[in-house]
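Below is one structure, written out as structure tokens, with a few remarks after it.
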Number of protein chains: 2
Amino acid sequence: MDFPIGELSRRAGVLVPTVRYYEQVGLLPPAPRTEGGRRRYGQADVERLAFIRHARELGFGIEAIRELLALVAQPDRPCAEVDGIARRHLVGVERRIARLTALKTELSRMIGECGHGRVGECRVIEVLSDHGLCVDDSH
Amino acid sequence: MDFPIGELSRRAGVLVPTVRYYEQVGLLPPAPRTEGGRRRYGQADVERLAFIRHARELGFGIEAIRELLALVAQPDRPCAEVDGIARRHLVGVERRIARLTALKTELSRMIGECGHGRVGECRVIEVLSDHGLCVDDSH
DNA sequence: CTTGCTCCTCTAGCCGCTAGAGGAAGTAGG
DNA sequence: CCTACTTCCTCTAGCGGCTAGAGGAGCAAG
């Protein structure tokens with residue numbers, strides 16, 4: 001119930017330098033130290049760190065996670081804010097998907113039209129050279 | 001047929017500091033200078049820069065663009081390499097779409113299950129706290 | 001000749017880590 | 001007690017692809 005950073009790292013599945021980074025940016029509180037200056041952690045830190053890790057895996061940014069952690073500390077407040085943060089993130093993810101899907105379409109078309117001849121006649125190069133050859137000019 | 005960086009910027013639709021950055025990383029050749037030390041450009045630079053811009057819009061990285069530009073300079077070579085670069089990029093884009101789509105699914109589910117009560121009972125927080133509540137553990 | 005615009009270089013910042021240097025603390029075995 | 005080994009510490013720099021800002025010089029028009 002009182003272990004060093006490496007153990008925390010293993011338990012939460014987060015690299016040691018990343019743990020220190022999270023402390024630095026304020027996602028984890030400054031850990032108490034041994035006489036020799038080493039950080040000591042407890043079970044609560046494992047849970048907090050696992051929360052952070054999972055949120056990161058779901059693509060939340062550091063700032064959003066900071067807000068989520070602040071809200072977790074106030075369990076009696078309505079969860080509209082939590083909902084809002086998650087929804088905003090979802091909208092961002094959907095936008096990125098839409099953009100990447102447009103890219104994918106354009107790339108596929110470009111590649112499909114390549115006649116596998118020489119660079120000088122390559123459709124891929126032509127399309128890159130002339131935006132007018134794109135179907136969708138959203139980019 | 002001999003204009004400064006601001007004019008190049010306008011014609012190609014690329015910000016001035018970005019043009020200088022592209023020169024720095026070798027996508028554009030070092031521009032000839034006036035006596036006063038200012039860069040001068042011609043029509044060929046507009047086309048090269050437009051090519052770079054379009055490739056960036058399609059998500060190609062600087063390194064890939066460097067390779068593409070080197071290939072454009074050798075129009076008689078077979079375009080298999082061009083094709084390869086584009087295909088590799090397409091695969092990367094598809095992977096990112098797949099990943100984001102999985103995120104989107106998880107986020108939507110999480111948000112849909114939120115009962116709009118208090119933070120303490122919020123499903124969003126619960127899911128973030130416990131990875132076991134995720135349907136797909138690919139993340 | 002002065003105003004105002006454009007241009008120059010250089011440095012730092014964005015995000016979220018990751019890597020490495022150089023050194024100190026802690027632990028296990030002889 | 002000494003050594004060897006591992007883990008930990010701080011600090012700095014780097015990734016990609018720009019973007020912003022400081023501080024100064026060139027240049028064209030009025």
Side-chain angles (χ1 to χ4, degrees), chain A residues 2-28 30-41 45 49 51-69 88-89 92-93 95-96 99-100 103 139, chain B residues 2-28 30-41 45 49 51-69 85 88-89 92-93 96 99-100 103 139:
Chain A
D2 184 39
F3 40 82
I5 198 168
E7 181 66 20
L8 175 67
S9 162
R10 250 165 274 129
R11 294 200 198 183
V14 174
L15 292 177
V16 169
T18 304
V19 175
R20 288 195 280 248
Y21 169 74
Y22 287 157
E23 178 180 308
Q24 199 188 312
V25 300
L27 289 191
L28 292 176
R33 306 288 186 118
T34 64
E35 284 189 8
R38 296 171 165 224
R39 293 172 180 84
R40 294 261 116 192
Y41 295 97
D45 297 301
L49 188 51
F51 180 96
I52 294 167
R53 177 193 154 195
H54 198 193
R56 283 293 303 135
E57 284 168 348
L58 286 171
F60 287 93
I62 298 292
E63 188 51 39
I65 297 174
R66 218 193 309 271
E67 293 172 39
L68 287 171
L69 286 167
R88 268 196 297 283
H89 180 45
V93 169
R95 259 205 297 269
R96 284 157 71 195
R99 161 131 173 88
L100 286 172
L103 288 196
H139 58 268
Chain B
D2 183 41
F3 40 81
I5 198 169
E7 181 65 21
L8 174 66
S9 163
R10 250 164 274 129
R11 293 200 199 184
V14 174
L15 292 176
V16 168
T18 305
V19 175
R20 288 195 281 247
Y21 170 73
Y22 287 158
E23 178 180 307
Q24 200 188 312
V25 299
L27 290 190
L28 292 176
R33 306 288 186 120
T34 64
E35 285 188 7
R38 299 175 163 219
R39 293 173 179 84
R40 294 262 116 193
Y41 295 96
D45 297 300
L49 187 51
F51 180 97
I52 294 167
R53 178 193 155 194
H54 199 192
R56 282 296 302 135
E57 284 168 348
L58 286 170
F60 286 93
I62 298 292
E63 189 51 39
I65 296 175
R66 218 193 307 273
E67 293 172 40
L68 287 171
L69 285 168
I85 293 169
R88 269 196 297 282
H89 180 44
V93 168
R96 285 159 70 195
R99 161 130 175 89
L100 286 172
L103 288 196
H139 59 270

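Order of the sequence lines fixes the chain letters, A, B, ..., with proteins taken first and strands second; residue numbering starts at 1 for each chain. Every value quoted in this text rests on a predicted model; they were computed, and no experiment measured them.
The CG atom of Leu27(A) sits 6.5 Å away from the CG atom of Leu69(A) when rounded to the nearest 0.5 Å. The line from CG of Leu15(A) to CZ of Arg53(A) is 10.0 Å long, rounded to the nearest 0.5 Å. Distance check: Asp45(B) CG to Phe3(B) CZ gives 6.5 Å after rounding to the nearest 0.5 Å. Taken to the nearest 0.5 Å, the NE2 atom of His54(B) stands 11.0 Å off from the CD1 atom of Ile65(B).
Arg33(A) comes within 4.0 angstrom of sugar-phosphate atoms only, judged by non-hydrogen atoms across all strands, and of no base. Arg20(A) comes within contact range of at least one nucleobase, with a heavy-atom separation under 4.0 Å.
One finds no side-chain N or O of Arg39(A) lying less than 4.0 angstrom from the OP1 or OP2 phosphate oxygen of dA25(C). Under 4.0 angstrom from either OP1 or OP2 of dG26(C) there lies at least one side-chain N or O belonging to Thr34(A).
Put simply, CD1 on Ile52(B) is 17 Å from P on dG16(D), counting in whole angstrom units. Residue Glu35(B) contributes atom CD, which lies 15 Å from atom C1' of dA25(D) at whole-angstrom precision. What separates CG of Leu49(A) from P of dG16(C) is a distance of 16 Å, to the nearest Å. At whole-Å resolution of the value, CD in Glu7(B) and C1' in dA28(D) are 15 Å apart. In this structure, CZ of Phe3(B) is placed 17 Å from P of dA28(D), rounded to the nearest angstrom. To the nearest angstrom, P of dG16(C) lies 15 Å from CG of Leu28(A).
Each of Val16(B) and Gln24(B) was matched to the nucleotide of DNA chain C holding its nearest heavy atom; the match closer to the 5' end belongs to Val16(B).
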Can you pull every protein N or O that's under 3.5 Å from an N or O on nucleotides 17-21 of chain D?
| from | atom 1 | to | atom 2 | distance (Å) |
| --- | --- | --- | --- | --- |
| dG17(D) | OP2 | Ile62(B) | N | 3.2 |
| dC18(D) | OP2 | Tyr22(B) | OH | 2.8 |
| dC18(D) | OP2 | Arg56(B) | NE | 2.8 |
| dT19(D) | OP2 | Thr18(B) | OG1 | 3.0 |

Tabulate atom names and distances for all N/O pairs under 3.5 angstrom spanning the protein and nucleotides 2-6 of chain C.
| from | atom 1 | to | atom 2 | distance (Å) |
| --- | --- | --- | --- | --- |
| dT6(C) | O2 | Arg38(B) | NH2 | 3.0 |

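Applying the side-chain contact (heavy atoms from CB on, under 4.5 Å) test to Ser9(A) and every residue at least two apart in sequence or in another chain returns Val16(A). Partners of Arg39(A) according to the side-chain contact (heavy atoms from CB on, under 4.5 Å) rule, which considers only residues two or more places apart in sequence or in another chain, are Ile5(A), Arg20(A), Glu23(A), Ala31(A), Arg33(A), Tyr41(A). With sequence neighbours left out, the salt bridge (charged side-chain N to carboxylate O under 4.0 Å, His left out) criterion links Arg11(A) to Glu7(A). Listed by chain and residue number, Arg66(A), Glu67(A) satisfy the side-chain contact (heavy atoms from CB on, under 4.5 Å) test with Glu63(A) (two or more places apart in sequence, or in another chain). Arg40(B) is linked by a salt bridge (charged side-chain N to carboxylate O under 4.0 Å, His left out) to Asp2(B), counting only residues two or more places apart in sequence or in another chain.
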